[in-house]
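This is a predicted model, so every value here is computed, not measured. A note on names: the letters A, B, ... follow the listed sequences, proteins ahead of strands, and every chain is numbered from 1.
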Amino acid sequence: DTEVTQTPKHLVMGMTNKKSLKCEQHMGHRAMYWYKQKAKKPPELMFVYSYEKLSINESVPSRFSPECPNSSLLNLHLHALQPEDSALYLCASSQRHIAGGGANTGELFFGEGSRLTVL
Amino acid sequence: DAKTTQPNSMESNEEEPVHLPCNHSTISGTDYIHWYRQLPSQGPEYVIHGLTSNVNNRMASLAIAEDRKSSTLILHRATLRDAAVYYCIVSGAGSYQLTFGKGTKLSVIP
């Protein structure tokens with residue numbers, strides 16, 4: 001199984017709602033990532049989890065709250081979002097965040113994304 | 001991570017080879033070169049990566065300049081399914097964390 005599964009595929013929410021995006025992988029990967037992608041722009045890194053601990057937060061506003069309950073699951077909790085937060089949210093996983101000895105097998109596995117619309 | 005420069009867009013005829021260039025003049029000796037592509041309405045997909053030597057896999061070939069300041073992704077026979085945005089990414093040794101640049105939008109003409 002080489003898939004990263006993201007749910008829901010589409011989400012519409014109001015600015016006062018609380019919702020969550022979910023990401024799951026069963027490849028035994030110990031690093032998981034959230035990226036945000038606006039239309040016609042490249043993906044931008046938001047968070048990195050390594051061995052279920054938050055390793056990197058790229059100065060993301062607190063209205064986005066990540067959670068990694070176990071090595072297979074990654075959630076992104078959303079609260080009080082703004083319309084400009086509407087975007088495609090991509091989850092990815094890799095064997096590790098930093099490979100030992102400088103070796104790099106190079107591969108991030110991405111899900112298909114959750115398309116979020118904030119009204 | 002080193003910055004990369006790619007053309008905004010390229011066109012290719014179907015069943016012809018495609019050479020997608022990438023400049024990374026500030027690459028350091030231990031940085032890896034990665035290529036990902038993103039088809040419409042999908043997440044990015046790994047294509048190939050390398051360090052110094054040219055690399056081949058079932059999807060593509062990666063040609064790396066001797067000074068490593070540039071590289072070229074080669075699709076040997078473009079198909080309509082290869083129409084995508086192709087991202088060239090340079091990352092530090094051992095790091096799986098990738099910073100995406102603007103990429104090249106490849107159009108394939110039937």
Note to self: Using a 6.0 Å cut-off, check whether atom CD of B:Glu45 has over 12 heavy atoms from anything other than its own residue.
What the structure shows: yes

Could you check whether atom CZ of A:Arg63 has more than 12 heavy atoms from other residues, nucleotides or ligands sitting under 6.0 Å from it?
yes

Would you say the rings of A:Tyr35 and B:Phe100 are close, in the sense that their centroids are separated by under 6.0 Å? yes

Would you say [X] and [Y] are hydrophobically clustered, going by side-chain heavy atoms of ILVMFWY under 4.5 Å?
X	Y	result
A:Leu116	A:Leu76	yes
B:Leu73	B:Ile27	yes
B:Leu80	B:Leu20	yes
A:Tyr89	A:Val48	no

Interatomic distance, NZ@B:Lys105 vs NZ@A:Lys40, rounded to 0.5 Å, equals 5.5 Å

The reported gap from OG1 in B:Thr99 to CD in A:Glu58 (rounded to nearest 0.5 angstrom) is 7.0 Å

For A:Leu90 and B:Gly43 the tightest heavy-atom approach is CD2-CA, 3.7 Å

Closest non-hydrogen atoms of A:Phe110 and B:Pro44, given as atom of the first, atom of the second and distance, are CB-O, 3.2 Å

Do side-chain atoms of A:Tyr33 reach the backbone of B:Leu98 as a donor and acceptor pair under 3.5 angstrom?
-> no

Note: vs chain B, highest number of non-hydrogen pairs under 4.5 angstrom among A:Arg115, A:Lys41, A:Gln37, A:Gln6 is A:Gln37

